[in-house]
Amino acid sequence: MKRIVSGLLVLALILTSTLATAHEGMWLPMLIKRLNYAEMQANGLNLTAEEIYDINNASIKDAIVSLGGFCTGEIISDEGLMLTNHHCGYDAIRTHSTVENDYLTDGFWAMTRDEERTNPGLTAAILVRMEDVTDEVLAAMTDDMTEAQRAAKAKEIGDALAAKATEGTVHNAYVRSFFHGNEYYLFVYNTYQDVRLVGAPPSSVGKYGGDTDNWMWPRHTGDFSMFRIYADADGNPSDVSADNVPLTPKHHLPVSLNGVKEGDFTMVFGFPGSTDRFLTSTGIEQAINLYNPTVVEIRDRKLAIMKKAMDADDAVRIALASNYAQTANYWKYFIGQTEQLKKNRVKAKKEAIEAKYMDWANADPSRVEYAGALDLLNEAYAATDLTVKGEVYLMEAGIRGASLPLFAWRLGRQLGALSTSEDLEADKAAVIEYAESHFAEYQPAVDRELASALWGIWMENVSQDQLPSIFAEVRDSMGGDINVLVNYIYDNSIYASPRNLKIWLETMDEEALKQDKGGQLATSFIMTYFGNQQGNAEVSEKMNKGYRLFTDGVRQAMPNKTFAPDANSTPRMTWGVVGSYDPQDAVHYDYVTTIEGVMQKEDPNNDEFIVPSKLKELYNAKDYGRYADENGDLVVNFISNNDITGGNSGSPVINGDGELIGTAFDGNWEAMSGDIFFEDQLQRCISVDIRYTLFIIDKYAGAGHLVDEMTLVEGKKKRKKRRK
Ligand code: ARG
């Protein structure tokens with residue numbers, strides 16, 4: 001009976017679902033051959049596995065870039081032109097902005113190569129090859145090793161393999177752990193160091209909808225910016241230099257003007273940062289009850305203070321723009337994740353998987369270690385439940401709160417080393433260079449206010465024994481008033497102003513350095529951090545062993561499911577199809593948005609929804625050129641069921657013929673729990689339609705020379721019929 005009912009349910013699900021197949025999985029490019037290729041072809045893929053990933057011949061992988069390790073970009077011309085998101089280029093755009101030349105507000109377009117702007121420190125890494133090194137790493141493990149010893153061993157072997165793989169080359173490499181220490185892969189890259197800003201729309205296009213629309217569909221954002229990768233004359237990575245030339249890539253993506261239809265094949269190739277798909281039900285409880293709300297409560301305060309100061313002063317707005325955007329992005333992420341973990345009943349789904357796992361583990365006495373894994377994890381979570389709040393406060397209010405503590409910690413070490421310096425002039429110059437870069441963005445009044453508010457709630461909300469030792473001084477000798485400490489530091493510390501630092505550098509008095517309250521505060525924060533690591537060694541042991549065994553075992557317990565490894569900033573391919581969805585009963589969301597929606601959302605009194613006048617002119621004249629769809633509409637964004645996460649931002653959305661059709665930039669609200677459990681019916685990847693990107697570049701910005709560089713594919717016959 002039971003079996004028949006569930007069989008019927010499955011059948012009903014298949015019949016009612018708009019999308020034929022489940023698309024969970026961020027797959028390693030060298031392993032796509034192992035995927036169900038026939039299914040991908042049936043859905044519209046016309047490429048061979050070698051056309052996607054090949055180490056001997058040019059393939060799609062050669063056009064995919066890990067941008068700075070935090071985003072993805074794709075090469076779209078034979079002169080190294082690279083497309084990514086506006087929010088990925090945001091900090092570079094901000095760095096070049098001033099109150100007079102405010103590229104965040106007005107956009108930036110290099111009309112000649114000379115006008116392209118260098119960004120020291122920003123890198124573009126392209127995968128050369130990858131290799132499964134699981135056997136080499138696991139061969140060195142013995143049963144009596146602790147998890148910490150295993151990790152150390154894996155690092156030692158990984159470092160040696162990476163060194164061997166790059167010997168005598170310009171490449172760099174690393175080995176990463178997959179499936180919680182059950183598999184290991186080696187990645188070899190070409191990492192370019194000269195990545196120049198080419199173009200960015202104004203934020204009223206690139207960040208249209210702001211934080212209100214962030215993580216949401218329907219969306220109307222032109223979230224793109226452009227860079228160019230430069231190399232030396234031989235095409236090798238080189239530091240920023242006037243002698244460098246645009247990179248001639250092995251492959252660049254052709255750009256399709258043919259648009260998307262429901263059911264079209266989509267492949268997203270990029271560098272997703274992290275997911276937690278093996279998180280247990282107990283881990284979910286901790287996220288819902290402790291971790292997430294603590295992050296949100298601290299960021300609420302941080303954002304309010306920053307916003308007030310940014311609204312009042314343009315220079316402050318520009319200086320703090322990226323810090324604010326990043327803080328707000330994951331503030332909303334954690335709000336959404338908590339809400340959707342509950343709504344999507346993720347804990348119950350995990351419990352069902354854990355029950356299957358336990359059945360498997362108990363079925364054979366040789367699996368006794370596996371049978372204990374969930375207990376280990378439960379013990380580890382019970383222990384960390386008591387400390388997680390303190391740890392979040394340390395990170396969010398201490399390390400990422402006001403900027404002074406981390407600066408004081410880093411600079412303090414440099415200052416402390418001056419007394420034994422062998423080249424005082426050079427070391428002093430390094431100190432000054434680092435300090436100048438910090439103070440260029442430092443907003444003393446905002447920093448002081450953040451310190452006062454965030455350290456204040458930290459003292460209030462975290463138990464005494466988990467607080468940094470400096471707060472004991474506040475309690476014992478400052479009448480419990482955090483502002484006594486804050487004001488003393490921000491008035492007097494060597495780290496609180498360029499002037500204070502300059503005065504200290506004149507005498508280099510070691511005793512004054514030791515007595516500096518800002519330095520002492522930083523040290524007490526960092527010591528708390530190290531103390532946490534230390535104190536939790538036993539708990540970490542349980543946590544890491546529990547996850548290593550559980551992840552291994554659950555894959556054996558569910559042999560019919562092909563598990564993809566969690567994201568870990570290594571290159572991945574995910575495939576899916578374009579498709580609408582039903583977010584709730586009686587509500588249907590279409591798979592594309594158009595410029596009509598941009599106009600509908602316009603609100604001149606809300607800076608998140610201002611439509612630039614040039615865009616309105618083009619809209620009124622319906623001047624979309626060849627970028628309009630067959631109905632004369634201008635498509636802005638579209639959705640597909642690809643499995644992506646943060647780090648995928650900027651990733652190319654590629655059609656079945658290997659052509660670029662969009663740039664992925666977000667996920668949808670209803671599936672904000674997706675990093676922990678992929679929601680087959682609900683989860684969507686939100687992308688900028690490439691035609692909107694080209695329209696903005698060409699029609700809006702008048703930078704058509706950039707479009708001329710690309711390889712456009714236009715007016716091809718539709719291969720796929722519209723799906724019902
Ligand atoms: N949620 C997007 C991501 O993490 C970032 C979108 C940026 N836009 C914004 N309004 N903050 O990839």
Side-chain angles (χ1 to χ4, degrees), residues 23-35 49 52-55 59-75 82 84 88 123-138 151 154-155 157-166 169 171-192 237 267-279 547-548 551 555 562-575 642-652 654 664 674-676 678 685:
H23 287 282
E24 172 169 14
M26 303 168 181
W27 308 103
L28 284 164
M30 69 175 270
L31 300 181
I32 46 181
K33 271 190 199 158
R34 288 195 208 159
L35 297 178
I52 299 171
Y53 174 84
D54 193 343
I55 58 172
S59 59
I60 285 179
K61 81 148 179 37
D62 297 309
I64 317 298
V65 175
S66 167
L67 178 62
F70 56 84
C71 271
T72 302
E74 55 273 14
I75 303 178
M82 186 188 79
T84 186
C88 296
T123 54
I126 300 174
L127 182 67
V128 176
R129 64 186 177 88
M130 61 173 294
E131 202 179 304
D132 185 349
V133 295
T134 306
D135 291 346
E136 282 98 316
V137 176
L138 291 187
K155 178 163 183 339
I157 296 173
D159 288 350
L161 288 170
K164 198 167 139 228
T166 53
T169 72
H171 303 148
N172 63 295
Y174 55 68
V175 169
R176 287 262 191 285
S177 151
F178 289 73
F179 294 110
H180 289 281
N182 285 292
E183 294 183 13
Y184 292 85
Y185 289 83
L186 165 78
F187 299 84
V188 180
Y189 295 95
N190 246 326
T191 301
Y192 298 91
M267 173 168 77
V268 176
F269 207 140
F271 292 82
S274 97
T275 53
D276 228 337
R277 297 269 166 82
F278 294 94
L279 194 74
Y547 272 117
R548 180 169 59 79
T551 306
R555 293 171 75 196
T562 312
F563 285 86
D566 271 315
N568 60 358
S569 295
T570 57
R572 304 297 177 91
M573 187 282 269
T574 147
W575 74 276
N642 297 80
D643 185 2
I644 69 158
T645 189
N648 265 123
S649 285
S651 293
I654 299 168
D675 283 349
I676 294 172
F678 186 84
C685 156

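Start at 1 with the first residue, then count along the sequence.
In this structure, Phe178 and Asp132 have side chains that are not in contact, with every pair of non-hydrogen atoms separated by 4.5 Å or more. Contact check for Leu35 versus Met573: side-chain heavy atoms found under the 4.5 Å cut-off. Residues Thr570 and Tyr185 form no side-chain contact, since every pair of their non-hydrogen atoms from C-beta on lies 4.5 Å or further apart. Counting heavy atoms from C-beta outward, Ile32 and Trp575 have side chains that stay 4.5 Å or more apart. Using a 4.5 Å heavy-atom threshold, the side chains of Asn190 and Pro237 count as touching. Taking 4.5 Å as the limit, every side-chain heavy atom of Ser274 sits out of range of all side-chain heavy atoms of Asp675. Within the 4.5 Å cutoff, no side-chain heavy atoms of His23 are placed close to those of Asn642.
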Per-pair distances, 0.1 Å, donor-acceptor, side chain in residues 124-131, under 3.5 Å, sequence neighbours excluded:
residue, atom, partner, partner atom, Å
Arg129, NH1, Glu131, OE1, 2.7

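Partner Ile644 forms a side-chain contact (heavy atoms from CB on, under 4.5 Å) with one of Thr275, Val268, Thr72 and no other, that one being Val268.
Considering every non-hydrogen atom in both Cys71 and Ser649, the closest pair reads CB-O, 3.6 Å. The two residues Gly650 and Cys88 have their closest heavy-atom pair at N-SG, 4.4 Å. Nearest heavy atoms, Ser569 versus Gly69: OG-O, 4.4 Å.
Distance check, rounded to the nearest 0.5 Å: CZ of Arg176 to CZ of Phe187 gives 8.0 Å. Interatomic distance, Leu279 CG to Ile676 CD1, rounded to the nearest 0.5 Å: 5.0 Å.
With sequence neighbours excluded, the residues satisfying side chain to side chain contact (heavy atoms under 4.5 Å, CB included) with Asn172 are Tyr189, Thr191.
Taking the six-membered ring where the residue is Trp, Phe278 and Phe179 present perpendicular rings, their angle passing 60° and hence far from 30°.
In summary, Lys164 and Glu136 do not engage in a salt bridge, as defined by a charged side-chain N under 4.0 Å from a carboxylate O.
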For side-chain contact (heavy atoms from CB on, under 4.5 Å), just list the numbers for Arg572 and Leu28, CA-CA rounded to whole Å, side-chain angles, deciding distance to a tenth of an Å, and then say yes or no. CA-CA 5 Å; Arg572 304 297 177 91; Leu28 284 164; 3.7 Å; yes
Can you list the steps and then say if Ile64 with Tyr53 is a side-chain contact (heavy atoms from CB on, under 4.5 Å)? CA-CA 11 Å; Ile64 317 298; Tyr53 174 84; over 6 Å; no
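Put simply, the side chain of Thr551 never gets that close to the backbone of Arg548: no donor and acceptor are under 3.5 Å apart.
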